[in-house]
Amino acid sequence: MTRRHSFPEGHWNWPVKLTHHHAVRAGDMVFTGGQVDLDARGTVRNIGDLDAQVRNSMAYMQDLLTDLGVDFTDLVRLVVYYVGDAGDEFQMLNLLANIIGHEVKPVVNLINLPELCYPDMLCEIEGVAMRAPDGSALPRQNYHLNAQSPLPEAFSHVVTCGDMIFTSDITARSADGSVTYPGDIVAQTRLMMERLSCALHVAGAGMQDVVKVNTFYLGDGTAEDWEVSARIRADYFPDPGPTPTGIPVPSFPHDGLTTRIAATACAPGARRIRHAWPDGHWNWTAALPYKHGVGSGQLIHVGGQVALDTQANVLEPGDMAAQTHIAMENVARVLDEFGATLDNVVKVTTFYQGSASAEALHENLLIRSNSYTAPGPATTGIPVPNLVYEDMVIEIEAIAMLESHTGA
């Protein structure tokens, strides 16, 4: 499979030397790393101006897509990390629609955080695009669902493209913007999962077709916090289930909201789905149907990898460097189950405990980057106040692509 990496001349850069590139194309999929409003020296621009930072981040994304032979019309997913409130989110959605065009209608995932990786950074935006290697457009369907959380018409709750299915955030918000069961994470989780099932059904799929889920929930970094909703979510998936990443956040921009979920699935029967759990791999404190890796065709999703043992004890508590090495080793072990290595990774996302500082990011970024042979994958790094377990300071998820149909 032809793989192309993008790092256009004059593109923003990190203030340290890395193997990472800003976007990777493999087969019919293009993944961009988180795009931000930095200059070529790694300095944040347009301090205090969210609109300007969004525009410049999307201009960088457009350059990457063009370099890899696609454009905004090929977007199937936007993931937006931002600092702001509900009003900022509404304004940002409308601005994004105007930038990409109202006919594109990708799914969108919005994660509100207290701060991002560098001081004064207000947004980080990544994209997934799809186009056939021969340049032809792939079959695509966009679904806007009135019974789901409100979205501008310029975005979809569900997108199918080729044999892939993507969802926007599924929550307990209703079409009128109100939150059902405000403050009740148990009731909201059940409603959220029922809505996810309905969204997949519209696309002709079910929970058994989900390969990856990303969940954000109101929490302060304790196992007890996490288990409340984790056990409920798990009841909705068959065993073996998808590979997950779950991240606690201190607040949501909508009063009373406690959790949100987004999924990636495959059209039923389109790809053989394989599941991986390496012998002796770390485990959660609760019995769950999730697996550490899920392969679908040539595509491999690795769920958030951390420094835990088989009894869910945190290894090297509080030590960022040591935990980063362990997490990367765990990513490599999961990939090995599919006959892949770290050099097959096309996109990596890292959540780390820290604040808006170069020091907090670079402490783990350099270790992660040095794990790859240049040119490395696209990357997104996000600081969070806490992770699932106390003294856990980093969680790393990855997407990889096999070079051939081996194991497909």
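In this chain, numbering begins with 1 at the start of the sequence shown.
- At least one side-chain heavy atom of M392 sits less than 4.5 Å from a side-chain heavy atom of Q323.
- With hydrogens and angles disregarded, a donor-acceptor distance shorter than 3.5 Å links the side chain of T259 to the backbone of F216.
- Y372 has its ring centre less than 6.0 Å from the ring centre of H20.
- Across all non-hydrogen atoms, the minimal contact from I185 to L218 is CD1-O, 4.4 Å.
- Just one of T243, N214, T380 meets the side chain to side chain donor-acceptor pair (under 3.5 Å) condition when paired with E397; it is N214.
- Residues D37 and M121 form no side-chain contact, since every pair of their non-hydrogen atoms from C-beta on lies 4.5 Å or further apart.
- D134 and S136 are linked by a side-chain donor-acceptor pair at a separation below 3.5 angstrom, with hydrogens and angles left out of the test.
- The main-chain N or O of G206 is found under 3.5 Å from a side-chain atom of D209 such that the two form a donor-acceptor pair.
- Other residues, nucleotides and ligands contribute only 12 or fewer heavy atoms inside 6.0 Å of the CD atom of E390.
- Counting heavy atoms of neighbouring residues, nucleotides and ligands inside a 6.0 Å radius, atom NE2 of H102 exceeds 12 of them.
- Looking only at side-chain heavy atoms (C-beta outward), V30 and R131 stay at 4.5 Å or farther from each other.
- No donor-acceptor contact under 3.5 angstrom links the side chains of E89 and N112, judged on distance only.
- Looking at Q35, its side chain never comes within 3.5 Å of a backbone N or O of N56 through a donor-acceptor pair.
- A donor-acceptor pair under 3.5 Å is formed between the side chain of S156 and the backbone N or O of K105.
- For the pair V80 and I111, the minimum side-chain heavy-atom distance is 4.5 Å or more.
- N283 and T310 share no side-chain donor-acceptor pair at under 3.5 Å.
- Using a 4.5 Å heavy-atom cutoff, the side chains of R77 and F31 are not in contact.
- Remark: the backbone N or O of R195 is paired with a side-chain donor or acceptor of Q148 at under 3.5 angstrom.
- Counted within 6.0 Å of OH on Y236, heavy atoms from surrounding residues, nucleotides or ligands total more than 12; the atom is thus considered enclosed.
- A donor-acceptor pair under 3.5 Å is formed between the side chain of R3 and the backbone N or O of N344.
- Atoms CD and CG, from Q353 and N364 in turn, are 11.5 Å apart once rounded to the nearest 0.5 Å.
- No side-chain donor from either of D176 and S174 sits under 3.5 Å from a side-chain acceptor of the other.
- Side chains of R173 and S178: no donor on one and acceptor on the other come within 3.5 Å.
- In D279, the CG atom is not crowded: 12 or fewer heavy atoms of neighbouring residues, nucleotides or ligands sit closer than 6.0 Å.
- A centroid separation of less than 6.0 Å is found between the aromatic rings of W282 and H292.
- Using a 4.5 Å heavy-atom cutoff, the side chains of I399 and I300 are not in contact.
- Under the 3.5 Å distance criterion, with hydrogens and angles disregarded, no donor-acceptor pair is assigned to the side chains of T32 and E126.
- The side-chain heavy atoms of H11 and H21, taken from C-beta on, include no pair separated by under 4.5 Å.
- In this structure, H157 has its ring center at least 6.0 angstrom away from the ring center of Y143.
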Verdict with reasoning, N13 to F7, per side-chain contact (heavy atoms from CB on, under 4.5 Å)
CA-CA 9 Å; N13 203 353; F7 200 139; 3.5 Å; yes
Could you walk me through whether D71 and T73 pass side-chain hydrogen bond (donor to acceptor under 3.5 Å, both in side chains), step by step?
CA-CA 5 Å; D71 56 38; T73 64; 2.3 Å; yes
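- A side-chain N or O of T285 and one of E227 form a donor-acceptor pair less than 3.5 Å apart.
- Within a 6.0 Å sphere centred on CZ of F90, heavy atoms belonging to other residues, nucleotides or ligands number 12 at most.
- Around CG of D255, the count of heavy atoms belonging to other residues, nucleotides or ligands within 6.0 Å does not exceed 12.
- At least one donor-acceptor pair closer than 3.5 Å links the side chain of Q53 to the backbone N or O of N46.
- T245 has its side chain within reach of F351: a pair of non-hydrogen atoms, C-beta onward, lies under 4.5 Å apart.
- Residues S369 and T19 have side chains that bring a donor and an acceptor to within less than 3.5 angstrom of each other.
- The two residues W284 and P244 come nearest to each other via the heavy atoms CZ2-CG, 3.9 Å.
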